[in-house]
Amino acid sequence: MTKKNPQEIFTKPILEWWHKSGRKDLPWQKEKSLYKTWVSEIMLQQTQVKTVIPYFLKFLSDFPSISGLANAKESEVMSHWSGLGYYSRARNLHKAATIIKKEYGGKFPQNFDQIVALPGIGPSTAGAILSLNKIEPRPIMDGNVKRVIARHFYVEGDLSKGDSKNRIWKLTESCIPDSEFDVFTQAIMDLGATVCLPRKYKCEQCPVNQSCIAKRKNMVESLPQKKARKRKKKTEYNFMVIRSGEDFLLERRDSNGIWPGLWSFPTLEINEKVRPWINSYIGVSNSYELSYMDPFIHSLSHIDIKINPIIVDVNDYKTDTISKDMIFIKRQKIKSLGISKAVKKIIDEL
DNA sequence: AAGACGGGGAT
DNA sequence: ATCCCAGTCTT
């Protein structure tokens, strides 16, 4: 049996399908630019389109250009990421903008090696930026593409490593057309996002269902191979909500670990005694009143955090302990900081 | 190669 | 509950 050219059996039907049924009105597709593609690709890492859209619109409205982003303060960029998650993306985005300003005169580089060297940009995102802007045919290797290729060409194994990883990249490269490679890059993602879905796949709508090996073998459901899930860890924190009227005390978190560099309530390990901590923190001579919010579970992909918010109402807080990484701030101004969903939830409920 | 890194949508 | 999302970086 001779192998048919993937361009004929796979690429062509998908291109035709896209012109009829592909997505063409996403915010970052209008007046496309390297900058818009870059920002959107970063936001879309592990994040759904629907979630990204409002963040993208606000971000582009406030940082309309690379130089504008480079000139902004990091804290201002972080506040635009509040609630979106994976906050190193924001820090890297800002850092990369300053690099582009300094090294490339504010113009986004068009060379793959230069792009992939920027912080926060890996091989998939670099390829997407070049391909979608019709600069160079490069594969994007996101969850959609992995699923479509793995099913159609029947690629088994964990696609993130070893032989399977190599195969999926080579196969995808062999499918990219010479001319409409920008359309193809968008099209194969759209196919994965709207037809070749993880579970409720719609093979009857698929332009390449005749040649799909997984479908012929009745193995669509089992591809791509899902990685074994680790058992989620659990942990528990006390969030110390130090309040004086409408003012809240916030601390900047460490640059490592969860919510790196974001503003948050002082956080105690569960084994740390609360009252001694308060006494040493606000001064043993100051009076305060304790109250408690209902604990809640903040669930992340790799850990479940039980959070106990402990409200400490103080009359007057001595602001001489305020430092660069600690602020006493009005409720209404908190949204101008980079904060996590957990902090936002607590503030909103008080 | 494995783990860390957020939060939410869909089922 | 569980899977998975336009992945990258660190260890």
Side-chain angles (χ1 to χ4, degrees), chain A residues 22-23 26-29 36-56 78 81-93 95-96 115-132 138-148 157-165 172 185-194 196-201 221-222 224-233 235 253-262 264 296-305 338-345:
Chain A
R23 297 178 291 188
L26 296 168
W28 42 90
Q29 296 177 311
K36 286 184 196 173
T37 308
W38 172 38
V39 172
S40 69
E41 286 299 327
I42 299 300
M43 286 188 171
L44 287 161
Q45 287 169 4
Q46 298 296 291
T47 311
Q48 295 185 344
V49 168
K50 186 176 180 179
T51 305
V52 163
I53 287 175
Y55 283 89
F56 177 84
M78 296 308 293
W81 221 267
S82 287
L84 194 54
Y86 286 152
Y87 296 94
S88 0
R89 293 184 295 176
R91 207 178 311 283
N92 283 332
L93 195 62
K95 190 176 174 191
I115 295 173
V116 83
L118 292 168
I121 301 183
S124 178
T125 298
I129 291 170
L130 283 174
S131 219
L132 290 170
R138 293 272 183 178
I140 176 173
M141 197 48 65
D142 71 343
N144 293 312
V145 175
K146 282 179 185 163
R147 193 166 52 250
V148 171
D158 185 339
L159 303 180
S160 67
K161 60 190 182 189
D163 194 48
S164 302
K165 177 180 181 178
T172 306
T185 301
Q186 184 63 49
I188 189 170
M189 283 192 290
D190 289 356
L191 190 63
T194 63
C196 195
L197 298 168
R199 277 173 288 183
K200 298 196 72 172
Y201 39 86
E221 283 193 66
S222 40
Q225 182 192 101
K226 37 184 174 275
K227 43 192 85 179
R229 296 271 162 187
K230 297 281 181 206
R231 187 170 183 75
K232 242 197 224 184
K233 292 175 185 164
T235 189
R253 291 181 60 84
D254 190 80
S255 56
N256 296 310
I258 194 79
W259 302 314
L262 297 201
S264 189
F296 60 94
I297 306 287
H298 192 77
S299 187
L300 285 55
S301 49
H302 61 297
I303 194 167
D304 283 332
I305 307 173
I339 59 171
S340 66
K341 280 278 182 180
V343 169
K344 182 175 187 331
K345 173 186 164 69

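All values reported here derive from a predicted model rather than from experimental measurement. Residue numbers start from 1 in every chain, and the chains themselves are labelled A, B, ... in the order their sequence lines are given, proteins ahead of strands.
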Looking at C:dA6, does its base get a donor-acceptor pair with the side chain of A:R23 below 3.5 Å? yes

Check every atom of B:dG3, C:dC4, B:dG6 against the side chain of A:K226 and return the nucleotide holding the closest atom. C:dC4

Pick one: which of A:E41, A:Q29, A:R138 meets side-chain contact (heavy atoms from CB on, under 4.5 Å) with A:L132? A:E41

The side chain of A:R199 is closest to which nucleotide in this list: B:dG7, C:dG7, B:dT11? B:dT11

Rounded to whole Å, CD of A:Q48 lies from P of C:dC4 at a distance of 12 Å

With rounding to the closest Å, how many angstrom separate the C1' atoms on C:dC4 and B:dC5? 15 Å

Which is true for A:L197 with a 4.0 Å heavy-atom rule: it touches a base, it touches only sugar-phosphate, or it touches nothing? nothing

Below 4.0 Å: OP1/OP2 of C:dT8 and any side-chain N or O of A:T125: yes

Where the side chain of A:T47 meets the backbone of A:Q45, is there a donor-acceptor pair that is under 3.5 Å apart? yes

Quick one: label A:R147 by what it contacts on the DNA or RNA (base, sugar-phosphate, nothing), any heavy atom closer than 4.0 Å. sugar-phosphate

State which of B:dG6, C:dC9, C:dA6 makes the closest approach to the side chain of A:Y87. B:dG6

Could you check which of B:dG6, B:dT11, C:dA6 has an atom nearest any side-chain atom of A:N144? C:dA6

Just to confirm, is there a sub-4.0 Å distance from OP1 or OP2 of B:dG7 to any side-chain nitrogen or oxygen of A:H298? yes

With a non-hydrogen cut-off below 4.0 angstrom, is A:I258 in contact with a base, only sugar-phosphate, or nothing? sugar-phosphate

Minimum-distance nucleotide to A:H302 side chain [options: C:dC9, C:dA6, B:dC5]: B:dC5

Residue whose nearest DNA chain B nucleotide is more 5′ - A:G83 or A:D158: A:D158

B:dG8 phosphate, OP1 or OP2, under 4.0 Å from A:K341 side-chain N/O: yes

Whole angstrom is fine here: how far is it from CD in A:Q45 over to C1' in C:dT8? 6 Å

Scan A:G192 against the nucleic acid and name what it touches under 4.0 Å (heavy atoms): base, sugar-phosphate only, or nothing. nothing

Can you identify which nucleotide, out of C:dG7, B:dA1, C:dA6, has its nearest atom closest to the A:K161 side chain? B:dA1

Keeping the roles fixed (side chain from A:S82, backbone from A:I339), state whether a donor-acceptor pair exists under 3.5 Å. yes

When the distance from NZ of A:K232 to C1' of B:dG7 is rounded to whole Å, what number comes out? 10 Å

Considering only heavy atoms and no angle criterion, is a donor-acceptor pair shorter than 3.5 Å present between the side chain of A:S301 and the base of B:dG6? yes

Could you pick out which residue, A:I339 or A:K233, lies toward the 5' side of DNA chain B when each is mapped onto its nearest nucleotide? A:K233

What is the nucleic acid contact for A:L26, judged by heavy atoms within less than 4.0 Å: base, sugar-phosphate only, or nothing? base

Locate the shortest heavy-atom distance separating A:Q225 from A:D158; write the atom from each residue and the value. OE1-N, 3.6 Å

Would you mind telling me which of B:dC5, C:dT8, C:dC3 lies closest to the side-chain atoms of A:R229? C:dC3

Taking every heavy atom of A:L197 against every heavy atom of A:A193, the minimum-distance pair comes out as CD2-O, 3.1 Å

So A:W38, base contact, sugar-phosphate only, or nothing? Heavy-atom distance under 4.0 Å. nothing

Starting from the 5' end of DNA chain C, give me the residue, A:Y86 or A:P198, whose nearest nucleotide shows up first. A:P198

OP1 or OP2 of B:dG6 sitting under 4.0 Å from any side-chain N/O of A:W81? no

Side-chain atoms of A:S340 come closest, of B:dG7, C:dG7, C:dA6, to B:dG7

Side chain to side chain, A:R253 and A:S340, heavy atoms closer than 4.5 Å: no

Mind checking if A:V49 touches a base, just sugar-phosphate, or nothing, with heavy atoms under 4.0 Å? base

Would you kindly give the CD-to-P distance between A:E221 and C:dC3, to the nearest whole Å? 14 Å

Does some side-chain heavy atom of A:T125 sit less than 4.5 Å from a side-chain heavy atom of A:D142? no

I want to confirm an ordering. Mapping A:N256 and A:Q29 to their closest nucleotides on DNA chain C, which one lands closer to the 5' end? A:Q29

Base, sugar-phosphate, or nothing: which does A:S88 touch, judged by heavy atoms less than 4.0 Å apart? nothing

To the nearest Å, give me how far apart CE (A:M43) and C1' (B:dG8) are. 16 Å

Answer with base, sugar-phosphate or nothing: what part of the nucleic acid does A:T47 contact at a heavy-atom distance below 4.0 Å? base

Are A:N92 and A:R89 close enough that a side-chain donor and a side-chain acceptor fall under 3.5 Å? no

Within less than 4.0 Å of OP1 or OP2 of C:dG7, is there a side-chain N or O belonging to A:Q46? yes

With a non-hydrogen cut-off below 4.0 angstrom, is A:S160 in contact with a base, only sugar-phosphate, or nothing? nothing

Take atom P in C:dA6 and the same atom in B:dT11, then report the distance between them in whole Å. 14 Å

Nearest-angstrom distance, P atom, B:dG6 to C:dT11: 15 Å

